[in-house]
Amino acid sequence: MSKKPASNRKKERNDEQLFVIVAIVGSLIIGAGFCALLVALSHRDQTASDSLDELSHAPPVVIQPDHARQLVGFSLTDRGGKTVTREDVAGKFLVVDFLFTSCSLTCPAVNQQMAEIQRLTTNQPDVKLVSLTVDPHDDTPDVLAKYGERFGADTNRWLLLTGEKAQLYNLIGTSFLTADLNDPFTYMPGNFSHTERIAVVDARGNVRAYFDGLSQNVADAVVKEIAELRK
């Protein structure tokens, strides 16, 4: 058997060494990037937790829309599988929030406030509560039904809606919230900003005000706002 020339053997050793060096450097870069991602996410979670605690003690403030917004047409599905359209809520005051059921921090806090608003408006048939999921892939009608039970959501007065992603995102983005595409670490599907807000829509479909859903006594403030709009 003929032996490889020394120059070839030396070239193979150099190639092997180069491969090992490249592999090690690549692993270090990937590892560093992964660590940076974990640190960023950890910092974000801690910031969100701190913000939640801080906001829970802040008095509710009416936040005016940055520009005129109106409820656009839609056709979505409620937790019972029934189709709900814009016409089904026409002439009602709407209290709208935004959720995804796997959210464990802000969404439960906001929906506790929604449950309190439901209680405070028990004898107000012109008021409906609407929760829009930003994660229609996972938040099926059955999933939303269980989530609604968790907060005692009245099926006749509190609609939890899912449906086609394009329709939901068009409704949320056009009528309520702005997407923030500059945050690569957002945990909120759709990258919408201020998903902790509760929106109040008047009987003509105009978005009249937002409230921070994490603020203390926000339910009372929302009900008071609706009473003012009735006048």
Side-chain angles (χ1 to χ4, degrees), residues 52 55-76 78-80 82 84-99 103 106-134 144 147-162 168 170-178 192-231:
L52 178 60
L55 288 170
S56 66
H57 295 90
V61 177
V62 178
I63 305 167
Q64 299 298 334
D66 52 3
H67 62 276
R69 288 182 181 266
Q70 190 169 45
L71 191 65
V72 298
F74 63 87
S75 179
L76 298 172
D78 73 4
R79 68 193 115 160
K82 178 184 175 182
V84 177
T85 68
R86 170 72 172 80
E87 288 69 31
D88 292 319
V89 295
K92 303 290 185 182
F93 291 97
L94 304 181
V95 181
V96 184
D97 80 325
F98 316 91
L99 62 85
C103 167
T106 58
C107 298
V110 173
N111 282 286
Q112 287 287 359
Q113 297 288 356
M114 290 287 282
E116 178 63 8
I117 294 168
Q118 176 181 247
R119 186 187 69 80
L120 293 173
T121 58
T122 298
N123 298 316
Q124 300 179 26
D126 60 345
V127 176
K128 275 190 177 292
L129 283 67
V130 179
S131 292
L132 301 172
T133 179
V134 294
L144 288 178
Y147 194 78
E149 290 175 1
R150 176 179 172 184
F151 297 97
D154 184 331
T155 55
N156 295 316
R157 300 183 54 238
W158 186 350
L159 302 172
L160 283 81
L161 301 180
T162 187
L168 271 166
N170 178 65
L171 172 60
I172 296 171
T174 303
S175 299
F176 298 106
L177 304 178
T178 301
F192 291 107
S193 299
H194 304 301
T195 47
E196 76 285 349
R197 288 182 176 179
I198 295 174
V200 174
V201 181
D202 69 18
R204 295 184 179 181
N206 300 304
V207 179
R208 300 298 295 270
Y210 298 97
F211 292 84
D212 194 317
L214 304 176
S215 297
Q216 191 175 29
N217 299 323
V218 68
D220 291 325
V222 168
V223 174
K224 180 180 178 181
E225 177 71 14
I226 293 173
E228 290 295 322
L229 291 175
R230 280 199 190 96
K231 296 178 182 179

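Source: prediction; values computed, not measured. Scope of the values below: all heavy atoms of this structure, side chains included, with no hydrogens, waters or symmetry mates.
Contact check for Arg86 versus Val72: no side-chain heavy atoms found under the 4.5 Å cut-off. Within the 4.5 Å cutoff, side-chain heavy atoms of Val95 are placed close to those of Ile226. Side-chain atoms of Thr121 and Phe93, non-hydrogen and from C-beta on, never get closer than 4.5 Å to each other. Within the 4.5 Å cutoff, the side chain of Ile198 has heavy atoms near those of the Val110 side chain. In this structure, the side chains of Leu160 and Asp78 stay at 4.5 Å or more apart for every pair of heavy atoms. Side-chain contact between Leu144 and Leu99 is present, with heavy atoms from C-beta onward closer than 4.5 Å. Val130 has its side chain out of reach of Val84: every pair of non-hydrogen atoms, C-beta onward, lies at least 4.5 Å apart.
Looking at Asn206, its side chain never comes within 3.5 Å of a backbone N or O of Arg208 through a donor-acceptor pair. Between the side chain of Lys92 and the main chain of Pro125, a donor-acceptor pair closer than 3.5 Å is present.
Taking both residues in full, the closest heavy atoms of Met114 and Ser131 are given as CE-OG, 4.1 Å, listed atom of the first, atom of the second, then distance. Considering every non-hydrogen atom in both Gly148 and Arg79, the closest pair reads CA-NH1, 4.1 Å. Taking both residues in full, the closest heavy atoms of Tyr210 and Ser175 are given as OH-O, 4.0 Å, listed atom of the first, atom of the second, then distance. Here the closest non-hydrogen pair linking Val89 and Lys128 is CG1-CD, 4.2 Å. When all heavy atoms of Thr85 and Ser75 are compared, the pair lying nearest together is CG2-OG, 4.1 Å. The shortest non-hydrogen separation linking Val62 to Ala209 is CG1-CB, 3.6 Å.
Atoms CG and CG, on Asp97 and Asn111 in that order, are 4.5 Å from each other to the nearest 0.5 Å. If you take SG on Cys103 and OH on Tyr147, they are separated by 6.5 Å, rounding to the nearest 0.5 Å. Between atom CG of residue Leu171 and atom CG of residue Leu71 there is a gap of 6.0 Å, rounded to the nearest 0.5 Å. Taken from CD in Glu116 to CZ in Arg119, the straight-line distance is 4.0 Å, to the nearest 0.5 Å. Distance check: Thr133 OG1 to Ile172 CD1 gives 7.5 Å after rounding to the nearest 0.5 Å. Rounded to the nearest 0.5 Å, atoms CD (Glu225) and CZ (Phe211) are 4.5 Å apart.
Outside the 6.0 Å centre-distance limit, the rings of Phe192 and Phe98 are not counted as a close aromatic pair.
For CZ of Arg69, the number of neighbouring non-hydrogen atoms (other residues, nucleotides, ligands) closer than 6.0 Å is greater than 12. Few gaps surround CZ on Arg230; more than 12 heavy atoms of other groups in view lie less than 6.0 Å from it.
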Could you walk me through whether Asp88 and Leu159 pass the side chain to side chain contact (heavy atoms under 4.5 Å, CB included) test, one step at a time? CA-CA 11 Å; Asp88 292 319; Leu159 302 172; over 6 Å; no
